[in-house]
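This report refers to the structure that appears directly beneath it.
The chains referred to below are lettered A, B, ... by the order of the sequence lines, with proteins before strands, and numbering in each begins at 1.
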There are 2 protein chains.
Amino acid sequence: MRLPDDAAGRQRNTRQRHAVSALLAEVNDFRTAQDLHGLLRGRGDRVGLTTVYRALQTMADAGEVDVMRLPSGEQLFRQCSRSHHHHLVCRRCGRTVEVAGPTVESWADRIASEHGFVDISHTVEIFGTCRACATG
Amino acid sequence: MRLPDDAAGRQRNTRQRHAVSALLAEVNDFRTAQDLHGLLRGRGDRVGLTTVYRALQTMADAGEVDVMRLPSGEQLFRQCSRSHHHHLVCRRCGRTVEVAGPTVESWADRIASEHGFVDISHTVEIFGTCRACATG
DNA sequence: GCGCAGATGATAATGATTGTCATCTGCGTT
DNA sequence: AACGCAGATGACAATCATTATCATCTGCGC
C-alpha cells in the first residue's frame, strides 16, 4: 500500500490533455466532445477526436469535469466545482446554472432508504427557458 | 371545432400498436425498444423494429408510457401511471419503483424561478442497489 | 540517453435510433 | 359492401455519437 491511488496516478502530462483542460477552463459552459474537438482544431491545436474523448473520460472519472446528458442522449462536459450539484439548463441558448440541492439529496436518500435501496446515486437536470430567451 | 384534439386524434388501431401496448402491459418493467421487438418476434408477432420505435414514440408523446434514459444513454420504455413521477432503479437487477416527489417538483420549480427561468421541466432518476441484490 | 508503459490518432466498427419510400390498411364516406 | 386516402408499416439505408483497433509515438523514471 505504498501508493494508495496506484491505479489512478498513472496519467501523464501531455500537450493534448492540457489543451482540452485549458479549453474547458476557457469556455465555462457545457460542450459536447465533438464541439470541443472542433474548437481545438479551429485554434490550431492538433488533437485527435479519440483523444478528446479519452481525456474527457479520464477527467470525468477523476471528478475534474462534470458530465451531463441531454434529453436527446448526447453527453456534455464542463469544468465544474468539485462538490456535488445539479444543473439548470436553458433549452434555448444552453446557458447553465449550477444549483446546489440539499433538498433533493436528502429526499433521494430518504426515498431510496424507505424502499430498502443502498449505495444511492442520482441524476437531476432541470430544463427551462431563461429570462433573456423568454423575453427576447 | 368538431374535433378538439384534431391533430392528435389520428391514430389508428393497428395490430402492431396493440401488440406493443399489450406487451408493455404484460412486462411491467422498463425495456429497451430492441428488447421489446425481440420479445414480440419471439412470441410470433410479426412487427418491424421501426414500427416498435414509432409506436413507443407515439405512446410516449401521448403520455401512455414513460421514457427514461440509462446513464449509458439508451432509452427505456415502460407503461406507467399517468401522473408525473420519477424512478428508483436497482442498478443490479433493474427492478424499478415509481416514486412520487412533490418535494422535488416544488424544489425544481422554485430554483428555476429564482433564476428567472420559465417553462420548467426536469428529469430525476435515482439509482441504487435493492435489498435483494445487496444481501444476495 | 534508454526503455517502456501509457498516450496518441487515423481508421474502422459498433449500436441505437431515425430517414426513406414503396406498399399496405384502418376507417369514414359513398 | 366497395372506395379512397391519410396514416401506418417495414425492409433497408443512413446518421451520429461513441468506442475499439493497432501501429506509432512520447513522457518520464532510471
Side-chain angles (χ1 to χ4, degrees), chain A residues 2-3 5-23 30-62 64-78 94, chain B residues 2-3 5-23 30-62 64-78 94:
Chain A
R2 233 175 334 139
L3 299 171
D5 51 350
D6 191 17
R10 294 263 168 252
Q11 297 162 41
R12 290 178 189 167
N13 269 0
T14 66
R15 174 179 57 80
Q16 292 88 336
R17 278 172 202 276
H18 183 267
V20 172
S21 181
L23 181 57
F30 275 102
R31 294 297 168 89
T32 65
Q34 314 256 357
D35 200 352
L36 293 169
H37 176 240
L39 289 173
L40 286 176
R41 301 225 119 181
R43 68 161 59 172
D45 284 321
R46 188 172 295 276
V47 183
L49 177 58
T50 309
T51 301
V52 173
Y53 270 105
R54 268 189 298 233
L56 290 170
Q57 188 60 59
T58 304
M59 295 168 81
D61 290 345
E64 293 164 24
V65 305
D66 253 26
V67 188
M68 75 159 275
R69 208 168 273 276
L70 247 38
S72 71
E74 307 168 90
Q75 47 188 0
L76 303 177
F77 301 85
R78 178 184 180 179
Chain B
R2 234 174 332 138
L3 298 173
D5 51 350
D6 193 19
R10 292 267 168 246
Q11 297 161 40
R12 292 178 187 167
N13 271 359
T14 66
R15 173 179 58 79
Q16 293 88 336
R17 277 172 202 275
H18 183 265
V20 172
S21 180
L23 180 57
F30 275 102
R31 295 296 169 89
T32 65
Q34 312 256 359
D35 201 353
L36 293 168
H37 177 241
L39 289 172
L40 287 175
R41 301 225 117 180
R43 68 161 57 173
D45 284 321
R46 188 171 297 276
V47 183
L49 176 58
T50 309
T51 301
V52 173
Y53 270 105
R54 267 187 300 232
L56 289 171
Q57 189 59 59
T58 304
M59 296 168 80
D61 290 345
E64 294 164 22
V65 304
D66 252 27
V67 188
M68 75 161 274
R69 209 168 272 273
L70 247 37
S72 71
E74 307 169 89
Q75 49 188 0
L76 303 177
F77 301 85
R78 178 184 181 178

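- Residue B/Leu49 contributes atom CG, which lies 17 Å from atom P of D/dA14 at whole-angstrom precision.
- Note on A/Gln34: every side-chain N or O is 4.0 Å or more away from OP1 and OP2 of D/dC16.
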Practice item. Applying side chain to side chain contact (heavy atoms under 4.5 Å, CB included), run through B/Leu56 and B/Gln75 and close with a yes or a no. Key: CA-CA 11 Å; B/Leu56 289 171; B/Gln75 49 188 0; over 6 Å; no

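- Of all heavy-atom pairs spanning B/Ala19 and B/Asp45, the tightest one is CB-OD2, 4.2 Å.
- At a threshold of 4.5 Å between non-hydrogen side-chain atoms, the residues A/Leu40 and A/Leu36 do not count as touching.
- Taking all atoms of both residues into account, the shortest heavy-atom contact from B/Gly73 to A/Arg69 is CA-NH1, 3.5 Å.
- Near DNA chain C, meaning a heavy atom under 4.0 Å from it, residues 50-59 of chain A has A/Thr50, A/Thr51, A/Arg54 in order of number.
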Close N or O pairs between protein and nucleotides 26-29 of chain D (under 3.5 Å):
residue	atom	partner	partner atom	Å
D/dT26	O2	A/Arg12	NH1	3.2
D/dG27	N2	A/Arg12	NH2	3.4
D/dC28	OP1	A/Asn13	N	3.0

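- The distance from atom CZ of B/Phe77 to atom CD of B/Gln57, rounded to the nearest 0.5 Å, is 6.5 Å.
- As rounded to whole Å, 15 Å separates atom C1' of C/dC27 from atom CZ of B/Arg17.
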Point to revise | B/Arg17/B/Val20 under side chain to side chain contact (heavy atoms under 4.5 Å, CB included): CA gap, chis, key distance, verdict | key: CA-CA 5 Å; B/Arg17 277 172 202 275; B/Val20 172; 5.9 Å; no

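- Summarising the geometry, the separation between CG on A/Leu40 and C1' on C/dG9 is reported as 14 Å, rounded to the nearest angstrom.
- How far CD of A/Glu74 is from CE of A/Met68: 10.5 Å, rounded to the nearest 0.5 Å.
- Taking atom CG on B/Leu36 and atom P on C/dT17, their separation rounds to 11 Å, with Å as the unit.
- Residue A/Arg31 contributes atom CZ, which lies 15 Å from atom P of D/dA17 at whole-angstrom precision.
- Between A/His37 atom NE2 and C/dT8 atom C1' the separation is 12 Å, expressed in whole Å.
- In this structure, OG1 in A/Thr51 is found 9.0 Å from CZ in A/Arg15, a value given to the nearest 0.5 Å.
- Of the inter-residue distances, the one linking B/Thr32 atom OG1 with B/Tyr53 atom OH reads 7.0 Å to the nearest 0.5 angstrom.
- Both B/Glu74 and A/Val47 lie near DNA chain C, and the one whose nearest nucleotide falls closer to the 5' end is A/Val47.
- The CG atom of A/Asp45 sits 15 Å away from the C1' atom of C/dG9 (whole-angstrom rounding).
- Proximity of a side-chain donor or acceptor of B/His37 to a complementary backbone N or O of B/Val47 within less than 3.5 Å is detected.
- Residue A/Arg46 is classed as a sugar-phosphate contact, given heavy-atom separations below 4.0 Å to backbone atoms only.
- The bend of the helix from C/dG1-D/dC30 to C/dT30-D/dA1, defined by the angle between the axes of its first five and last five pairs, stands at 30° to the nearest 10°.
- Under a 3.5 Å cut-off, the side chain of A/Arg41 and the backbone N or O of A/Leu49 do not form any donor-acceptor pair.
- For B/Asp61 and D/dA8, the CG to C1' distance is 16 Å, given to the nearest whole Å.
- A 6.0 Å sphere centred on CZ of A/Arg43 holds more than 12 heavy atoms belonging to other residues, nucleotides or ligands.
- The phosphate of D/dA17 has neither OP1 nor OP2 within less than 4.0 Å of any side-chain N or O from A/Gln75.
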